[in-house]
Structure formats: structure tokens, C-alpha cells
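The model shown is predicted, which means the values in this text are computed figures rather than measured ones.
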Amino acid sequence: MRSGVIVFPGSNCEHDVYHVLKHVLGQSTRYLWHKDQEIQDCDLVVVPGGFSYGDYLRSGAVAAHSPILAAVRRHAEAGGLVLGICNGFQILQQANLLPGALIHNRDLRFLCVDAWLQVERADLPFTRGYHQGQVIRIPMAHGEGNFQASEEQLDRLEANGQVVFRYRIDNANGSARAIAGIVNERGNVLGLMPHPERAAESVLGNDDGLAFFAGLVESVAASATSGSPLEVA
């Protein structure tokens with residue numbers, strides 16, 4: 001699998017994602033600069049966590065208008081995989097690649113804790129390594145991870161099967177319907193607040209996140225072997 005990890009001024013999780021993809025899983029991985037206008041031959045584009053552009057205006061707002069996001073949009077429209085983690089999720093929302101909004105946490109405090117997530121769907125490239133209903137432990141660290149949308153939008157997300165991860169034990173940030181991660185209608189653009197890249201090696205005491213990235217690798221490999229387009233929802 002060929003992956004590109006975007007680097008913005010203020011992002012701070014790009015090295016973590018790069019390490020998992022390149023060194024843990026042995027995949028072809030490179031950095032993409034926020035001023036780049038092409039992503040070239042990537043199967044997966046990752047919009048990582050951090051504080052892009054210092055979160056000025058609001059989280060993800062400035063990054064959503066950077067040149068690389070136009071290329072990300074074209075990649076997504078062509079069926080390519082796009083993953084947004086934490087601030088990356090916020091950026092994808094600001095770029096209208098994912099619905100809803102991520103606002104200040106319910107208690108207006110920055111949260112840095114482990115989150116227990118229930119996998120709502122296991123039929124996506126992003127969740128191939130899990131089974132439906134599985135509960136995994138993934139770290140989260142954010143001040144604006146409270147997912148909100150109108151009741152109509154929430155009903156639509158539920159009906160379309162776009163809710164992929166849900167907080168299982170403690171919905172600490174107050175997200176509507178305990179939503180931790182969603183996918184677009186096509187199934188190739190996913191955003192989630194917790195950080196699977198921070199739980200991808202047993203030496204860290206938790207490797208629940210490794211299956212997330214390994215599943216992506218398997219999905220792309222299966223598509224290449226069969227010669228058919230990558231299967232998404």
C-alpha cells in the first residue's frame with residue numbers, strides 16, 4: 001500500500017502515523033506538504049492530528065483551504081482512501097468531506113485518556129481487522145472532540161450505516177449518540193477522534209490500533225491481487 005501523510009504547520013502526529021505505516025507494517029509511505037498540489041500515486045492519504053495552523057479561527061478551518069486539500073478531494077472523489085485522525089477529522093469536516101461538527105468537549109477541558117470504542121461496522125477497509133461489536137481501547141487527546149449534528153443529520157448517519165466507532169463505556173467529550181468516528185456515504189473517507197497510531201505496538205502496552213492499519217493494507221492488497229476496484233460501502 002502506498003500512503004501519504006500530510007504535514008501542516010502545527011501538526012504533531014504525522015511522525016506517529018508514518019512510523020506505523022512505514023516501520024511497523026513495512027509499507028511505502030511518504031510525507032505530503034500542505035502546499036503540494038498533487039498526491040501522485042497514493043492509495044491512502046492520512047490527515048493527521050495536531051493543531052494545524054495553531055487552530056486559529058477554529059480547529060481545521062485554515063488547513064481545509066490549503067492547496068493539498070484540493071488534491072485530497074480529487075483523490076476521494078476517485079474512490080481513494082482518506083483517513084482523518086483527531087485534527088484531521090476536524091479538517092475533513094471543515095472541507096465538507098465529512099458531515100457534522102466537532103465542538104468543545106462537554107466539560108470544556110482537554111481530554112487525554114484511553115477511550116473504549118465499539119466497532120459498529122467491520123465491512124470497511126478501515127475496519128477489516130476487527131469484527132462488528134468488538135470493543136477496543138484507543139487513546140484520545142483533544143479539546144474539541146464533541147461530535148454534534150442536527151437530529152436529522154444524526155438519523156441519516158445512523159440509517160446509512162455511517163457511524164463506524166462509538167464510545168462504549170464513557171462518552172467523556174459529550175458526543176451526540178456517543179459517536180467517535182464516521183465515514184462518508186461512499187465509505188472511503190473516514191474520520192475519528194481517538195488515535196489508533198498511538199496504540200499500534202505491544203511495547204506501548206496496547207496494540208488495539210494495529211488492526212486498523214493492517215486492515216487497510218490487506219484491503220488494498222486484496223484489490224491489487226484481484227485487479228478489481230477497492231471495495232467500499
Side-chain angles (χ1 to χ4, degrees), residues 3-24 29-40 42 44-76 80-115 126 138-148 165 172-175 180-182 189-200 204 209 212-213:
S3 301
V5 182
I6 300 177
V7 180
F8 296 99
S11 57
N12 59 22
C13 299
E14 67 273 23
H15 297 292
D16 306 63
V17 176
Y18 182 95
H19 171 71
V20 173
L21 291 169
K22 177 72 173 181
H23 300 124
V24 178
T29 310
R30 60 191 177 88
Y31 291 115
L32 301 170
W33 186 233
H34 66 109
K35 291 185 178 180
D36 290 344
Q37 297 186 13
E38 299 292 339
I39 61 171
Q40 298 178 20
C42 292
L44 168 70
V45 175
V46 182
V47 191
F51 303 91
S52 58
Y53 295 93
D55 278 348
Y56 292 125
L57 299 182
R58 59 186 177 277
S59 297
V62 179
H65 295 281
S66 60
I68 192 67
L69 259 293
V72 171
R73 183 182 300 279
R74 292 193 297 271
H75 177 71
L81 296 170
V82 178
L83 168 63
I85 304 172
C86 198
N87 188 228
F89 187 2
Q90 296 163 340
I91 292 169
L92 294 180
Q93 284 183 325
Q94 293 294 326
N96 294 317
L97 286 170
L98 287 173
L102 290 157
I103 64 174
H104 288 289
N105 296 338
R106 177 181 54 210
D107 297 330
L108 303 181
R109 295 180 179 178
F110 188 91
L111 292 170
C112 186
V113 296
D114 279 349
F126 306 96
I138 303 293
M140 67 179 185
H142 56 251
E144 299 175 43
N146 184 352
F147 181 88
Q148 295 295 321
F165 295 102
N173 57 28
S175 290
I182 62 171
V189 178
L190 181 135
L192 77 163
M193 286 309 296
H195 290 264
E197 76 279 12
R198 297 183 183 178
L204 300 176
F212 181 92
F213 295 100

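Considering every non-hydrogen atom in both Arg198 and Asp16, the closest pair reads CG-OD2, 4.4 Å. Residue Ser175 comes nearest to Phe147 through the heavy atom pair OG-N, 2.9 Å, listed as atom of the first residue, atom of the second, then distance. A pairwise comparison of heavy atoms in His15 and Tyr31 identifies ND1-OH, 2.8 Å as the closest pair. When every heavy atom of Gly174 is checked against every heavy atom of Arg106, the shortest pair comes out as CA-NH1, 3.7 Å. Across all their heavy atoms, Asn12 and Gly50 have their closest contact at OD1-CA, 3.2 Å. Taking every heavy atom of both residues into account, Ala199 and Pro139 meet most closely at CB-CD, 3.7 Å.
Around atom CZ of Arg109, no more than 12 heavy atoms belonging to other residues, nucleotides or ligands sit under 6.0 Å away. Within a 6.0 Å sphere centred on OH of Tyr56, heavy atoms belonging to other residues, nucleotides or ligands number 12 at most.
Between the side chains of Gln94 and Arg58, a donor-acceptor pair is found at a separation under 3.5 Å. In this structure, a donor-acceptor pair under 3.5 Å is present between the side chains of His34 and Tyr53.
Proximity of His19 to Glu197: side-chain heavy atoms (C-beta onward) are nowhere separated by under 4.5 Å. Within the 4.5 Å cutoff, no side-chain heavy atoms of Asp114 are placed close to those of Ile138. Taking the side chain as every heavy atom from C-beta outward, Ser11 and Phe51 never approach each other to under 4.5 Å. With contacts defined as side-chain heavy-atom distances shorter than 4.5 Å, the pair Phe212/Val20 does not qualify.
Paired with Ile6 under the rule side-chain contact (heavy atoms from CB on, under 4.5 Å), one option of Ile68, Ile91, Ile39, Val17 passes, and it is Ile68.
With rounding to the nearest 0.5 angstrom, the CD atom of Glu144 is 13.0 Å from the CZ atom of Phe89. Here the CG-CG distance, from Asn87 to Asp55, works out to 5.5 Å after rounding to the nearest 0.5 Å. Note that CG of Leu69 is 12.0 Å distant from CG of Asp36, once rounded to the nearest 0.5 Å. Taking CH2 of Trp33 as the start and OG of Ser66 as the end, the distance is 10.5 Å to the nearest 0.5 Å. The CG atom of Asn105 sits 4.5 Å away from the CG atom of Leu111 when rounded to the nearest 0.5 Å. The distance from atom OG of Ser59 to atom CG of Leu102, rounded to the nearest 0.5 Å, is 8.5 Å.
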Item to complete: Mind running side-chain hydrogen bond (donor to acceptor under 3.5 Å, both in side chains) on Gln148 and Asn146 for me, showing each step along the way?
Response: CA-CA 6 Å; Gln148 295 295 321; Asn146 184 352; 2.7 Å; yes
Worksheet entry | Evaluation steps, salt bridge (Lys or Arg N to Asp or Glu O under 4.0 Å), between Arg74 and Glu38 | CA-CA 9 Å; Arg74 292 193 297 271; Glu38 299 292 339; 3.5 Å; yes
Discussion item. Set out, in order, the CA-CA distance, both residues' side-chain angles and the distance that settles side chain to side chain contact (heavy atoms under 4.5 Å, CB included) for Val5 and Val7, then state yes or no.
Written reply: CA-CA 7 Å; Val5 182; Val7 180; 5.7 Å; no
Discussion item. Side chain to side chain contact (heavy atoms under 4.5 Å, CB included) for His195 and Cys13? Distances and angles first, verdict last.
Written reply: CA-CA 9 Å; His195 290 264; Cys13 299; 3.7 Å; yes
Practice prompt. Would you sort out whether Val82 and Leu92 count as a side chain to side chain contact (heavy atoms under 4.5 Å, CB included), showing the intermediate values?
Written response: CA-CA 9 Å; Val82 178; Leu92 294 180; 4.0 Å; yes
Item to complete: I would like to know whether Tyr18 and Val46 meet side chain to side chain contact (heavy atoms under 4.5 Å, CB included); could you show each step before the answer?
Response: CA-CA 9 Å; Tyr18 182 95; Val46 182; over 6 Å; no
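Remark: side-chain polar atoms of Ser3 are not paired, donor with acceptor, to backbone N or O of Val45 under 3.5 angstrom. Of the possible donor and acceptor atoms, one in the side chain of Arg73 sits under 3.5 Å from a partner among the backbone N and O of Ala95. His75 contributes a side-chain N or O that, together with a main-chain N or O of Leu81, makes up a donor-acceptor pair within less than 3.5 Å. Using modelled atom types, one side-chain atom of Gln93 and one backbone atom of Pro99 make a donor-acceptor pair closer than 3.5 Å.
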